[in-house]
Amino acid sequence: MHKLTRRHVIATLSSTAVMLCPAILNAQSLDLDWDDIPTKAPVGEAALLEVGAGPAEVDVSTLNPGEVAVVARPSDDEIYTATGNTQYIGILRRTDAQIAFGAENDPDGVQDPEYLVVNLVCPHRGKAVGITGDPTTPFACTDRGDRHATDFNASGQVVSGAADVGEQLPVPAYTIATGAAVVLTIA
């Protein structure tokens, strides 16, 4: 089993911060032109928790409410062509406000209201989705061009941008077990 450590976690920042680095605790707010953000993988790819292809177990017990961790694994599925055949899976441990929002807005497949687990691939063109640091719209497509720039809420739904409003970030096949440890098993 892979154990998530604090270096794999992003602390949620204020809503004015923009952070597209998916797995570094000490990451800083990025003051970049959105056109400079890579679209094949979220910024900070070298710091991702990487697992092998196939099923994997990840202990996500160290996530605090409002924090996001990202797991990367190779995949032959054509949906990940734009991300270099890497599946990025985001795990958001939600705040109380995000849990309340999710109670009315979560997609099918969410197994525990405290944790949103989604594939970080934009439904518009398959580009990587990064972490914004905004608790209302915690995810955004890394392709910020004029005809792209999709943003997603705490249930993984499109709220603005090129993808259709209400469309969802895909939920991967997973199970989550809570107890002494919180273990995410990715199929």
Side-chain angles (χ1 to χ4, degrees), residues 1-13 17 19-28 41-77 79-80 83-103 105-121 128-135 137-140 142 152-157 168-187:
M1 174 171 27
H2 300 275
K3 187 159 179 86
L4 189 69
T5 65
R6 296 302 301 166
R7 71 182 179 86
H8 296 113
V9 178
I10 292 185
T12 298
L13 303 177
M19 183 181 292
L20 290 177
C21 185
I24 312 171
L25 177 62
N26 295 322
Q28 54 192 335
V43 174
E45 178 183 5
L48 295 173
L49 176 60
E50 295 185 39
V51 299
E57 286 186 344
V58 179
D59 181 341
V60 296
S61 301
T62 59
L63 279 175
N64 292 318
E67 292 181 333
V68 177
V70 177
V71 174
R73 69 176 177 177
S75 176
D76 292 334
D77 191 324
I79 192 173
Y80 307 114
T83 59
N85 287 8
T86 300
Q87 177 185 20
Y88 295 101
I89 300 169
I91 305 107
L92 167 64
R93 181 171 179 193
R94 296 195 268 197
T95 63
D96 289 341
Q98 290 170 329
I99 291 169
F101 177 80
N105 296 286
D106 276 352
D108 291 338
V110 173
Q111 298 177 17
D112 184 324
E114 192 171 349
Y115 295 90
L116 178 67
V117 180
V118 292
N119 283 321
L120 296 177
V121 60
V129 169
I131 312 307
T132 68
D134 180 342
T137 53
F139 306 104
T142 56
F152 305 88
N153 64 26
S155 287
Q157 294 171 327
Q168 299 281 156
L169 286 171
V171 175
Y174 77 97
T175 58
I176 193 160
T178 57
V182 179
V183 178
L184 174 73
T185 303
I186 305 164

Quick check: are there more than 12 heavy atoms from other residues, nucleotides or ligands sitting under 6.0 Å from CG of Asp77?
yes
Expected output: side-chain [X] to main-chain [Y] donor-acceptor under 3.5 Å:
X      : Y      : value
Arg73  : Tyr88  : no
Asn153 : Gly156 : yes
Thr142 : Ala128 : yes
Glu57  : Val183 : no

Just so I know, are the side chains of [X] and [Y] near enough to count as touching, which here means a heavy-atom distance under 4.5 Å?
X      : Y      : result
Tyr174 : Thr185 : no
Pro138 : Phe152 : no
Phe139 : Leu116 : yes
Val118 : Leu120 : yes
Asn119 : Tyr80  : yes
Asp106 : Arg94  : yes
Pro172 : Val117 : yes
Pro107 : Val171 : yes

Taking all atoms of both residues into account, what is the closest heavy-atom pair of [X] and [Y], and its distance?
X      : Y      : result
Gln157 : Asn105 : NE2-O, 3.2 Å
Ala154 : Gln98  : CB-CG, 3.7 Å
Ser61  : Val182 : OG-N, 2.7 Å
Pro74  : Gly52  : CD-C, 4.0 Å

Test side chain to side chain contact (heavy atoms under 4.5 Å, CB included) on Val129 and Val121; report intermediate values, then the result.
CA-CA 5 Å; Val129 169; Val121 60; 5.7 Å; no
Electrostatic pair Glu114-Arg93, nearest N-O below 4.0 angstrom
yes
Once you round to the nearest 0.5 Å, how far does [atom1] of [X] lie from [atom2] of [Y]?
X      : Y      : atom1 : atom2 : answer
Ile89  : Leu184 : CD1   : CG    : 7.0 Å
Gln87  : Ile79  : CD    : CD1   : 9.0 Å
Phe101 : Thr95  : CZ    : OG1   : 11.0 Å

Do you know which of Ile176, Val70, Leu49, Leu63 makes side chain to side chain contact (heavy atoms under 4.5 Å, CB included) with Ile91?
Leu63
